[in-house]
Chemist: 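Here you go, one structure.
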Amino acid sequence: MASLPSVAFNGNLKLEPDIRKTPTFDKSQNVSYPNGDLEKNIFNLKEPLSTFNEGTQFESSFYVPLLQECAAKRSLSNAQMVHAHIVKTGTYGDEFVMTSLVNVYGKCGHMEYAQMVFDRLPGRNVVSWTGLMTGYVHNSQPEAGIRVFIQMLEVGAYPTSYTFGTILSACSSLVYVKLGKQLHAYIVKYGIESDTSVGNALCSFYSKSKSLPSAVDTFRRIEEKNVVSWTTVISACGDNGDQMMGLRYFMIMLSEDIELNEFTFTSILSLCCVIHALEVGRQIHSLSIKLGFQGNLLIDNSIMYLYLKCGFVKEANKLFDEMDSVSSVTWNAMIAGHAQMMDLAENRVYAHHSGYQALNIFLKMHRSGTKPDLFTLSSVLSICSALIALDQGEQVHAQTIKTGFLADVIVGTALVNMYSKCGNIDKAATAFEEMHKRTMISWTSMISNFAQHGRSQEALQLFKEMLSAGEKPNKITFVGVFSACSQAGLVDEALEYFEMMKKTYKIKPIMEHYACLIDMYVRLGRLEEAFDLTKKIGCEPNDVIWSLLIAGCRSQGNLELGYYAAEQLLKLKPKDKETYVMLLNMYISAERWQDVSRVRKMMKAEKFGKLQDWSWLSIKDKVYSFSPKNWSYPLKIEVEHYLGLLLDEFKSKGYQSQNQQVINEEDDEAEPVSSAVYHSEQLAIAFGLLQTKKDVPLRIVKSSSICSDCHTFIKFVSETTDRKIVICDSKRLHRFVNGHCSCGDFNNLII
DNA sequence: CTAGGGTTAG
């Protein structure tokens with residue numbers, strides 16, 4: 001697909017230096033309607049022809065302004081009415097009229113009609129060609145636009161600066177870097193690089209191609225820079241990591257006395273989002289109000305999103321409540337903004353809360369009657385994934401079908417992930433198979449999903465299918481591949497793919513790749529090879545790798561290496577509670593009491609609170625929270641009684657608590673000693689078992705990691721009660737079926 | 001020139 005345009009296009013471009021002014025319609029024709037009221041004039045067209053003044057000329061000068069009006073108002077129905085009238089009066093066939101029709105149908109998003117009219121055009125000129133092209137490019141069919149461009153070159157028509165602008169924008173959205181550069185070469189050759197619209201398009205193209213220096217360079221060459229040129233170069237800086245330069249350009253722009261428009265403001269505000277420059281954003285917002293943009297929907301959306309990005313939820317909500325009119329974009333920004341609070345949150349308790357807030361906003365949007373679009377649906381699906389909210393996810397699935405947005409690749413990919421993350425890998429696989437179109441990310445997702453569910457063979461099989469489908473893997477794809485190999489202990493395959501990644505795809509290994517491979521060796525008990533690999537990374541291993549090694553050392557009884565790894569980890573994450581608990585457990589199990597008290601002292605010095613243990617169980621559309629510290633969860637007496645019964649039963653079947661782990665760090669305050677302290681997920685599971693039918697899988701999110709006792713306990717539960725249990729803890733996804741867990745029982749479990 | 005979307009190991 002990517003090679004088609006550049007091959008067909010190579011060397012065929014015919015552009016004469018003297019032909020570059022677009023033939024335009026004579027603007028003076030626009031005066032033929034005294035009151036300029038489109039509706040009224042269109043209405044007149046409904047009258048029989050005989051009611052028109054004698055001598056009315058139904059020619060292009062009569063229709064073209066009407067059609068331009070329809071295009072500006074995006075009014076398809078009016079355009080169709082004019083079209084009918086044109087046919088009735090026999091004016092159809094006029095070149096100007098037909099070109100206008102192509103344009104108006106393109107603007108109204110009706111490309112079938114645009115193409116139909118174009119096909120019947122007797123004499124095509126560059127305006128009609130460009131009109132058709134622009135229609136396709138603006139209606140999310142850039143490939144079709146480029147096809148038209150090539151056809152145009154084949155019949156020997158000359159492109160103009162307008163044509164270049166359109167095709168460059170197609171190259172931008174498709175990231176056809178090669179074709180874009182070829183076009184640039186022709187643009188330079190014929191000396192139209194300094195044209196404002198061409199220069200703007202070039203700047204935007206280079207920005208989308210991730211080449212900021214070229215974008216800036218093309219901007220500089222524009223002779224008469226307009227507001228679009230400035231806005232484009234500012235966005236280019238914002239999108240390509242040099243936000244400060246963007247701000248500097250904004251300052252220069254202000255001093256140059258250019259009139260700002262709403263796009264300038266949204267660009268500069270979204271640049272502020274990246275660097276969390278709330279104060280600058282506020283000043284910009286004030287400036288926009290000063291310049292008369294108060295209440296502007298786009299600008300209000302941007303400033304609200306900036307508040308959310310900077311973590312000021314209350315302020316964002318206040319702004320939202322104050323806005324008189326909101327669009328789906330406003331809702332989407334609210335949802336996405338709250339969803340990203342999940343990543344920003346300092347702990348998983350808060351993250352979980354943010355996720356449900358985002359879902360509540362979605363509910364409000366629904367109640368307000370605003371229709372969800374593909375942005376809404378993909379965001380909400382990924383929120384459901386994070387919350388393991390299957391019931392909500394299924395409702396959203398229904399909506400994607402109803403609205404037809406399921407056909408969108410991104411929505412489809414989000415759906416696949418939702419099912420997988422909610423524990424239903426089979427439904428995920430079905431959704432993946434049913435996708436009409438897949439991108440590299442869709443393939444990567446499904447490979448990772450199979451790996452996460454311990455279905456390594458299917459993951460690797462899918463990877464092969466991906467390659468034969470001609471899709472190029474990226475570094476994240478290989479994370480999925482290595483993780484599949486690691487799960488299944490496929491050392492040779494892993495090393496083979498590692499070489500393939502470096503040699504065939506020229507991808508430099510990243511820390512995550514090494515983590516997967518080290519995980520693989522550790523699972524196989526090959527600690528030495530795991531340690532050897534840490535030395536090949538070329539830089540200091542990260543905390544994930546040290547944790548893996550510690551877990552391996554603990555299970556292998558290689559304490560010396562374990563201590564070494566533990567101290568390294570402590571250096572890397574001196575503020576992390578889980579690290580301390582892990583260390584403490586290691587020293588306790590080795591009965592190294594001096595180290596135990598040393599670590600305890602360090603923990604006290606760090607003064608962090610207790611490790612929070614919360615679990616959330618979702619049943620239908622309700623979420624129940626459980627914590628051993630919280631005495632108010634529902635059915636408390638029944639739950640504890642039932643857990644006691646289960647424990648007795650499991651013990652008779654061989655369940656033994658390792659009892660080595662500390663649950664909490666040493667307490668300063670005496671706690672009432674309860675006869676049985678259960679962990680939050682145990683409470684959640686017992687409650688779920690009591691409240692739901694046998695065939696309902698239990699889905700739980702846990703704030704910290706599952707401890708090995710609970711892990712064993714849950715395996716017993718899944719076997720004796722014949723329940724599927726899915727738990728997403730702070731480290732990974734566990735799916736318990738019939739006494740087995742998809743994590744392969746290798747955990748660096750801590751509390 | 002146009003805000004808002006899907007992939008990562010433990």
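Letters go in sequence order (proteins before strands), and every chain restarts at 1. What you see is a predicted model, and the numbers here were worked out from it, not measured in a lab.
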Chemist: Look up atom OH in Y419(A) and atom OG1 in T430(A), then write down how far apart they are to the nearest 0.5 Å.
Modeler: 9.5 Å
Chemist: Verify the contact: side-chain N or O of K208(A) to OP1 or OP2 of dT2(B), cut-off strictly under 4.0 Å; return yes or no.
Modeler: yes
Chemist: Remember a base hit wins even if backbone is also touched, and classify S448(A) as base, sugar-phosphate or nothing at under 4.0 Å, heavy atoms.
Modeler: sugar-phosphate
Chemist: Please classify the nucleic acid contact of S382(A) as base, sugar-phosphate, or nothing, using heavy-atom distances under 4.0 Å.
Modeler: sugar-phosphate
Chemist: Compare the minimum distances between each of dG5(B), dT8(B), dT7(B) and the side chain of L374(A), then state the nucleotide with the smallest one.
Modeler: dG5(B)
Chemist: Please name the pair of heavy atoms, one in S378(A) and one in A414(A), separated by the smallest distance, quoted to 0.1 Å.
Modeler: O-CB, 3.9 Å
Chemist: Using atom CG of L517(A) as one end and atom P of dT8(B) as the other, report the distance to the nearest whole Å.
Modeler: 18 Å
Chemist: Using a heavy-atom cut-off of 4.0 Å across all strands, would you classify F263(A) as base, sugar-phosphate, or nothing?
Modeler: base
Chemist: For N200(A), report the nucleic acid contact type (base, sugar-phosphate, nothing); a contact means any heavy atom under 4.0 Å.
Modeler: nothing
Chemist: Closest approach to the side chain of S445(A), judged atom by atom: which nucleotide of dC1(B), dT7(B), dG6(B) is it?
Modeler: dT7(B)
Chemist: Which nucleotide in the list dA3(B), dG10(B), dT7(B) gets nearest to the side chain of L298(A)?
Modeler: dA3(B)
Chemist: Among the nucleotides dT2(B), dG5(B), dC1(B), which one has an atom lying closest to any side-chain atom of T232(A)?
Modeler: dC1(B)
Chemist: Tell me whether the rings of W546(A) and F531(A) are parallel (<30°), tilted (30 to 60°) or perpendicular (>60°).
Modeler: tilted
Chemist: Could you check whether any side-chain heavy atom of N317(A) comes within less than 4.5 Å of a side-chain heavy atom of M334(A), counting everything from C-beta outward?
Modeler: yes
Chemist: Students often get this wrong, so: under 4.0 angstrom with heavy atoms, is V411(A) touching a base, only sugar-phosphate, or nothing?
Modeler: base
Chemist: Of the nucleotides dT8(B), dG6(B), dG10(B), which has the atom closest to the K731(A) side chain?
Modeler: dG10(B)
Chemist: Determine the interplanar angle of the F463(A) and F478(A) rings, folded into 0 to 90°, and report it as parallel if under 30°, tilted if 30 to 60°, perpendicular if over 60°.
Modeler: perpendicular
Chemist: Counting side-chain heavy atoms from CB outward, which of dC1(B), dG10(B), dG6(B) is closest to S442(A)?
Modeler: dG6(B)
Chemist: Which one, dG10(B), dT7(B), dG5(B), comes nearest to the side chain of N474(A)?
Modeler: dT7(B)
Chemist: Under 4.0 Å, heavy atoms only, any strand: does T439(A) hit a base, just the sugar-phosphate, or nothing?
Modeler: base
Chemist: Side chain of F375(A): nearest nucleotide among dA3(B), dT7(B), dG5(B)?
Modeler: dG5(B)
Chemist: The side chain of D408(A) is closest to which nucleotide in this list: dG5(B), dT2(B), dG4(B)?
Modeler: dG5(B)
Chemist: Return the nearest nucleotide to the side chain of V409(A); candidates are dG6(B), dT2(B), dA3(B).
Modeler: dG6(B)
Chemist: To the nearest Å, how far apart are I441(A) CD1 and dG5(B) P?
Modeler: 13 Å
Chemist: Measure CE/M501(A) against C1'/dT8(B) and give the value in whole Å, please.
Modeler: 13 Å
